[in-house]
Amino acid sequence: MSTSADVPADLDGVRQRVPALAQPATKKDAPNAAPRAHEALSGGGGARAVKTYGRTPDGTVFVVPTTHDMVSQLLDPREPKNLSDCIVLVILALHIVAAYLLPWSLKRPVFAAVFLFWRASYNVGIGYLLTIQSKYRLLVTWARRWRLFEDPATSRSPHPWLHSLLKQELEAKIPADYNFDKAPLEYNTWLLFRRVVDLILMCDFVSYCLFAIVCGSKPTGEVLAMTAARWSAGIILVGFNLWVKLDAHRVVKDYAWYWGDFFYLIEQELTFDGVFEMAPHPMYSIGYAGYYGISMMAASYDVLFISILAHAAQFAFLAIVENPHIEKTYNPPPPRIRAESLRSDASGGVPEIAEGPRETPAPVHNLLGFKNFDLFRTTDYSVLLLLAYLIAFTAVTPSTPVYQAIFVVHALLWRLWYSIGLGFILTMQSEEKMFTRHFVKFGESPREAWRQWKGMYHLSNTLCHASFIAACWKMYNMPEDWSYGWGLLKHVVGISLIALQVWTATSIYESLGEFGWFYGDFFFDSTGKLTYKSIYRFLNNPERVIGTAGLWGAALITWSRAIFVMALVSHILTLGFISYVEKPHMQKVYGQNLREEAGLTKFIKRSLPPPVKEWQLSVDKVLDEGSHFVDEFVQTARSRLAAGGSTIVRDTSALFNKYPARLTLSRISPDLAGFDPKHYTLSMEGTPLVGANEKATGKESASARVPKAVKTMMFEYGAPIRVKWTAPANHSKKDWVGLYMVTDNRSRDVTEVPSLDRWIPTCAGEYDTTTDQGILKYDKPVARSSFSDVDLVQGEMVFEGNKLWWTQGVFEFRYHHSGGHHVMSVSQPFEVQIGKFDDDDDDDEEIVASEMDVAAALLPIVRNCLDRDPEIAPNTVDEPFGSHVERDSKYARRVVYAIRNMFGIEFAPAVVPADGNVKKLAWRICNAKQVLAPYSMSRQSQGPTTPVTEKFPEELK
């Protein structure tokens, strides 16, 4: 269960997409546009009973034609066939022929290589195509550029034969309501993409099955009962896998099955029931159960290991390709909340900061996770020290029966304390606020009690699991022969169970956060709405079963009775903790908001036949009555037991123009002949830095550093920089301008370091894997002057956001030729600085005025750090930051870097989303400066320093 903010549960799994389409620019025209699109596509034929409307990125509405799944299209003789189907069938037949004709010694390695090739084609090849389509819409761009779907009769199609072939191929598959020439470009591109996917997926599956067949064997000495059990379990898993795929296709249909939302969106609400109520990402999780069933039937570790590799590759595909697209498409950040009315001064500046009771800024230093580990924190230091002692003791002691018993008892005691001891404390905290009362008694705050509890729970949790791992280490014996018996299988299954528990714990923490992980609602009144997301969408208490899977995995690996007993005791204690500590408190706090049944439970109950349902109800009644009896017994006995406890000179350019043959050297591109660098120029404009130059003091000044009237350009940190360029009219359309630190390149003719995406093309539409964002204008003719003998053009671009360097330093722009790194022009160097905040005149009596000054100075810098995006950057100090700040940590890192250089205060990036606006950040800065004032060398001390007058009185007279 989660107490965090609500998110649509339908977005939680792969293919689990409820298309929340943006409304058209003219919403009132949308209802009429859709029927017209349908008539155009269907040619005025009869309308279908149920229509699905699609919308392309440019707003075109069309009726999505009916398509069928891959297997039926390919193998059903009643479905129309085309050339691509024949090609796929021939390739599949070649796989089968190869499995029959290859020598026995070559079958395993060849089909292992063939399967890995098709699996790489799936996860890497299709993954790459989907990624570039999601980021740049590159597949559609290629189709448009190559004019694949343009009618030769009405356009200059370069390949009429290819147009005819594609039309015949695609219309043959959808004869009813599809018109090739009238369908949107995006839809046709998707249909063509589908054919590639069909080939890869079918070859992937067939090559896997053939590999399993050539690897299949009967283990030596296996009895008939074991063979029957192995085959029965394998068939059940394969059947379950088949049902998962069919039910998932029933829900998501061809649209999501073939990643249609990478190309267009549909206006249709999808109901995610059936298999989508059983497990997260069912297509990629339980949808691979058949792999392990086939491995069982083949009785081959080769098949098992290649199945695990393929399954892991599929999860990587999910995490790298699908999840980012789902998040971008269906879960965009909500609009930033803008202030409706703010009290401003006469000039419209920073509003006054209201006076009121002062609070300590909210802490953001989380406890859990390696990224939060801090040796300056007592809890982390103690955990590290105790773990070091435990590891050392485990390493130096022998694995004799006595020490094995000591380690098992040690692990058991920690488990008892973790489940029973901490459970008792939480119960008393829930009923009487016992833990909080203890600290309040000594003048501490409830937040201090909460901090101490988190440390206690974290230490106990770590040592409970560490002691169990130490006991397992003592009881473990390495198999002498991995190929004999069940040793290898036990390790594979055990490691899988451990990985399952790690994933479960990670999912729980991501869902509950620090507050829920450490049972925060036992200490504070929970104001969050109870929601069920992530793993809690499927299970009410995942700790009940899969939360302890790693314990049983360790028992399998060690194959020790003592560890089995430990796993059993730990599981029972976990169930008791849930039933007698968590559940009563949740019922008391959330009451009727608690969900009775999880998604998996509901699905299983709906799937049961009537007789089984009746029997299940009877069992539930008996268990419920037994539970009431145990509760009454515990309540009666509790009262009685309560008492117990990161140059070359330009003059040589004339020689290069006079002798073009020199351009054939390996480091100079031949296409530079005829291009004179003097015809290329770069200039720039930016927001100048306001304030004194901190490098100039006394006789030193900005003008004293150079012998001529040249002033160093200084721009604000993060402010957009407008670049103007001039080039010959015949310049390469693939020229580009990059931003670099001056010290990064030794040569002014060739750039030696990568741009790290800080570049913009001079002309739009020339590069596929980058957007043209930043180009303002290009190739505008320049009036020829009397000093120029060539026609020139000019353009403008703006560097902002990720195109900038988010650090202080001296930079330059470089104009590069034809997509390469040969430099045609270098701009004047410029400096990016963060002005220091001067607060020497502040005192403690003017703290409110100081906060106003800090906020006024901080606001423009924060706006720069947030890209001046109206959906992210605030206009006033009271307006909250956009939700992008919480999702992408780059914004917070920019802000804390600026604060450190501006105010001399170092914050963790987490404080930025935690504070949420400039006003609270200013307050935090002022509080930090007050705390650190006695240790600052920039402020004059108000009290006595070193008492030299008493020690050397005569010398000072």
State whether a side-chain donor-acceptor pair under 3.5 Å links [X] with [Y].
X	Y	answer
R893	S889	yes
D254	T67	yes
W259	E322	yes
N241	Y291	no
W725	H731	no

- prompt: Could D888 and R894 be called an ion pair, given the rule that one side-chain N must be under 4.0 Å from one carboxylate O?
  reply: no
Less than 4.0 Å between a side-chain N and a carboxylate O, is that true for K733 and D779?
yes
Hits for side-chain contact (heavy atoms from CB on, under 4.5 Å) against N864, two or more places apart or cross-chain, chain-then-number order -> E716, A719, R868
So CG of L866 and NZ of K890: to nearest 0.5 Å the spacing works out to 10.5 Å
Output for pair (L129 CG, W142 CH2), nearest 0.5 Å, gives 6.5 Å
Tested for ring-ring contact (aromatic ring centres under 6.0 Å, His included) against H163, the lone hit among F149, F180, W146 is F180
Without swapping roles, check the side chain of [X] against the backbone of [Y] for a donor-acceptor pair under 3.5 Å.
X	Y	answer
D772	G765	yes
E169	L83	yes
S732	K734	yes

Taken in chain and number order and not counting sequence neighbours, the residues that satisfy ring-ring contact (aromatic ring centres under 6.0 Å, His included) with F881 are none
- Message: If you define the side chain from C-beta out and look only at heavy atoms, does anything of D867 sit under 4.5 Å from Y891?
- Response: yes
Open item on the list: If you apply the rule side-chain contact (heavy atoms from CB on, under 4.5 Å), what do you find for W118 with V206, and how did you get there?
Closed with: CA-CA 10 Å; W118 288 116; V206 171; over 6 Å; no
Quiz prompt | Crowding at NZ, K328 (>12 non-hydrogen neighbours, <6.0 Å) | solution = yes
